[in-house]
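First comes the structure, then the notes that go with it.
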Amino acid sequence: MVKSRMRRLLTAINRRMMKLLIALALIAYVASVWGNFVNMSRSIQENGEQKMEKKIEEVIAPLREKIRDLEKSFTQKYPPVKFLSEKDRKRILITGGAGFVGSHLTDKLMMDGHEVTVVDNFFTGRKRNVEHWIGHENFELINHDVVEPLYIEVDQIYHLASPASPPNYMYNPIKTLKTNTIGTLNMLGLAKRVGARLLLASTSEVYGDPEVHPQNEDYWGHVNPIGPRACYDEGKRVAETMCYAYMKQEGVEVRVARIFNTFGPRMHMNDGRVVSNFVLQALQGEPLTVYGSGSQTRAFQYVSDLVNGLVALMNSNVSSPVNLGNPEEHTILEFARLIKHLVGSGGEIQFLSEAQDDPQRRKPDIRKAKLLLGWEPVVPLEEGLNKTIHYFSKELEYQANNQYIPKPKPARIKKGRTRHN
Ligand SMILES: O=c1ccn([C@@H]2O[C@H](COP(=O)(O)OP(=O)(O)O[C@H]3OC[C@@H](O)[C@H](O)[C@H]3O)[C@@H](O)[C@H]2O)c(=O)[nH]1
């Protein structure tokens with residue numbers, strides 16, 4: 001009896017123990033599962049957070065860069081600008097002011113202390129050429145095509161807008177004509193409305209393939225009116241005609257600069273003119289492409305000389321056309337050899353077919369500019385070329401970093417339809 005009670009008691013205790021043990025085991029199991037679950041979700045959360053942080057960083061990095069650029073632009077140092085009193089400070093419009101010549105003219109007029117508005121449609125001009133003035137209180141940049149009217153208040157207009165390189169102006173002849181005709185009419189209309197003086201950037205191309213050498217301002221020229229260069233040559237000739245019509249009929253003050261071949265930094269590497277082509281070819285170790293025999297001549301002026309001439313003419317009382325150029329004449333073949341020598345290039349000279357209607361001889365007679373403006377070019381050819389070569393090699397580095405290697409543009413007319421507006 002006692003035995004059987006003892007057995008029952010023991011069994012009851014064992015059962016409780018068993019239950020207790022099972023309960024403990026269950027708790028331990030649940031705890032370990034919970035622990036794993038907590039660990040797992042923590043690591044998922046951490047992973048997720050890391051991924052999220054990475055994503056946020058990817059978005060923020062370029063913004064940070066932009067902020068740094070903005071900070072830099074707020075503290076940007078501009079080239080030194082002279083102080084001019086209200087009386088001497090002029091409001092000046094430069095059409096084509098982001099182009100090669102226009103941007104150098106912008107620099108000069110800004111540094112002289114004037115208020116400069118640059119208008120450009122960026123067909124051949126580039127923002128980079130004037131970006132160092134952006135944000136300056138005396139400077140304004142307007143993306144505008146002179147074929148459309150413009151309404152602003154100015155005292156002087158330098159009307160430079162037009163493609164100037166033969167491959168560029170032949171690329172879209174209708175647009176070249178519109179720019180030089182409608183564009184010039186619009187600017188003369190503006191000059192008339194606000195009483196501004198207008199200087200037209202005309203060209204030695206108004207003399208065509210000249211029969212008079214050197215060319216003086218009294219020579220009427222020898223232009224093929226239906227040839228491939230006519231859109232530019234005749235466009236500029238009619239632009240001159242318009243200037244004198246506005247002068248005679250409306251009393252607008254006009255100045256006309258006949259600009260001869262000009263070169264220097266900020267020429268577009270790809271614009272197809274002889275200086276940019278030869279320098280680029282020599283720097284890239286490629287053959288220098290001479291069109292025809294290379295016996296045709298040109299006289300090249302450095303851009304700073306031209307800019308000084310333009311400003312002197314604008315502020316003179318000479319309303320008749322004035323040649324601005326360097327009278328030092330060279331054949332194109334001589335010129336190719338000189339550039340090869342200055343660059344130290346081993347590239348060959350390659351003779352290609354002659355360009356149609358290519359002027360055979362060109363050299364300015366600059367007696368008028370010397371006499372009436374007291375102006376003449378002062379930068380020697382080699383000095384100007386060395387500066388240009390330096391600029392082009394920097395540009396090549398810049399382009400290489402941007403994965404773009406420019407090729408010299410051939411003087412060929414584009415076949416097929418082109419866009420013209
Ligand atoms: O790669 C080339 C490029 C040009 N040339 C030749 O070099 C000479 C000069 O040619 P460019 O294209 O530089 O300039 P162009 O003298 O024909 O016209 C220039 O005239 C004066 C300005 O108004 C303009 O800048 C432009 O129209 C031409 O005889 C041309 O045929 C070459 O032999 N090889």
Side-chain angles (χ1 to χ4, degrees), residues 96 99-102 124 160-171 173 176 180 200-210 215 221 223-224 227-237 239-240 256-264 266-282 284 286-301 303 306 310 321 323-326 329-340 347-364 385 388 406-413:
F100 157 52
V101 173
T124 55
L160 273 58
S162 171
S165 136
N168 283 345
Y169 66 61
M170 289 184 213
Y171 170 76
T176 302
N180 281 296
L200 171 73
S202 185
T203 170
S204 53
E205 295 228 23
V206 298
Y207 302 124
D209 188 6
Q215 296 78 52
V223 172
N224 174 0
R229 301 175 85 100
C231 57
Y232 185 69
D233 299 8
E234 297 289 18
K236 288 290 187 187
R237 284 165 70 95
E240 287 196 9
V256 173
R258 291 189 178 151
I259 303 172
F260 282 65
N261 296 62
T262 306
F263 72 97
R266 299 196 197 140
M267 272 186 112
H268 202 301
M269 288 211 289
N270 211 6
D271 90 355
R273 273 182 280 192
V274 72
V275 180
S276 41
N277 273 6
F278 283 178
V279 172
L280 195 58
Q281 287 159 341
Q284 292 180 323
E286 285 180 6
L288 273 64
T289 53
V290 168
Y291 303 152
S293 65
S295 61
Q296 69 271 38
T297 67
R298 293 294 187 273
F300 294 95
Q301 78 180 320
V303 65
L306 170 63
L310 290 173
N323 285 343
L324 294 177
N326 189 324
E329 185 184 7
H330 291 276
T331 67
I332 293 303
L333 190 55
E334 278 167 9
F335 197 60
R337 291 195 180 119
L338 175 61
I339 290 183
K340 245 166 69 75
E348 306 275 291
I349 289 180
Q350 186 185 6
F351 291 90
L352 300 180
S353 57
E354 194 180 329
Q356 192 188 333
D357 291 349
D358 196 8
Q360 289 309 294
R361 294 186 80 188
R362 187 186 284 161
K363 168 187 167 149
L385 279 175
T388 311
K407 287 271 164 226
K409 192 185 274 181
R412 299 285 177 267
I413 308 161

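Keep in mind it's a predicted model, so treat the numbers as computed, not measured. FYI, the numbering just counts along the sequence from 1. Counting starts at 1 for both ligands and their atoms, following the listed order.
Between Y291 and ligand 1, an N or O atom pair is found at a separation short of 3.5 Å.
Heavy-atom distances between F335 and ligand 1 stay at or above 4.0 Å for every pair. Using a 4.0 Å heavy-atom cutoff, F260 is absent from the residues neighbouring ligand 1. The shortest separation from a heavy atom of P166 to ligand 1 is under 4.0 Å, placing the residue in contact.
Here F260 contributes atom CZ and R298 contributes atom CZ; the two are 10.5 Å apart, rounded to the nearest 0.5 Å. Within the model, atoms CD1 of I259 and OG of S202 stand 8.0 Å from one another, a figure rounded to the nearest 0.5 Å.
Listed by atom number, the atoms of ligand 1 under 4.0 Å from N277 heavy atoms are 1 (O), 2 (C), 3 (C). The atoms of ligand 1 that sit less than 4.0 Å from any heavy atom of Y169 are 27 (O). Close contacts of ligand 1 with D358, meaning ligand atoms under 4.0 Å from a residue heavy atom, involve 28 (C), 29 (O), 30 (C), 31 (O). With ligand atoms numbered from 1 in the order given, ligand 1 contributes 15 (P), 17 (O), 18 (O) to contacts under 4.0 Å with heavy atoms of R229. Taking a cut-off of under 4.0 Å to the non-hydrogen atoms of T289, the atoms of ligand 1 that pass are 1 (O), 2 (C), 32 (C), 33 (O), 34 (N). Near V290, the atoms of ligand 1 lying under 4.0 angstrom from a non-hydrogen atom of the residue are 33 (O). Close approach of ligand 1 to S204 (heavy-atom distance below 4.0 Å) involves ligand atoms 21 (C). Close approach of ligand 1 to A164 is summarised as follows: ligand atoms under 4.0 Å from at least one heavy atom of the residue are 24 (C), 25 (O), 26 (C), 27 (O).
Judged by distance alone, the side chains of N168 and T124 never bring a donor and an acceptor atom under 3.5 Å apart.
The residue from Q350, R298, R362 that puts a heavy atom closest to atom 9 (C) of ligand 1 is R298. For atom 7 (O) of ligand 1, the nearest non-hydrogen atom from the set I259, T262, V274 comes from V274. The residue among L352, T203, D233 with a heavy atom at the shortest distance from atom 23 (O) of ligand 1 is T203. Of all the listed residues (R273, K236, Q356), R273 holds the heavy atom that lies closest to atom 25 (O) of ligand 1.
The closest side-chain heavy-atom distance from V303 to M267 is not below 4.5 Å. Side-chain atoms of Q215 and S204, non-hydrogen and from C-beta on, never get closer than 4.5 Å to each other.
With hydrogens and angles disregarded, no donor-acceptor distance shorter than 3.5 Å links the side chain of K340 to the backbone of P287.
In this structure, H330 and F335 have tilted ring planes: the angle between them lies in the 30° to 60° band.
Salt bridge absent: K236 and E205 never bring a charged side-chain N and a carboxylate O closer than 4.0 Å.
Looking at residues two or more places apart in sequence or on another chain, you find a side-chain contact (heavy atoms from CB on, under 4.5 Å) between Q360 and D209, Q296, E354, D358. Judged as a side chain to side chain donor-acceptor pair (under 3.5 Å), and not counting sequence neighbours, the contacts of T297 are E329.
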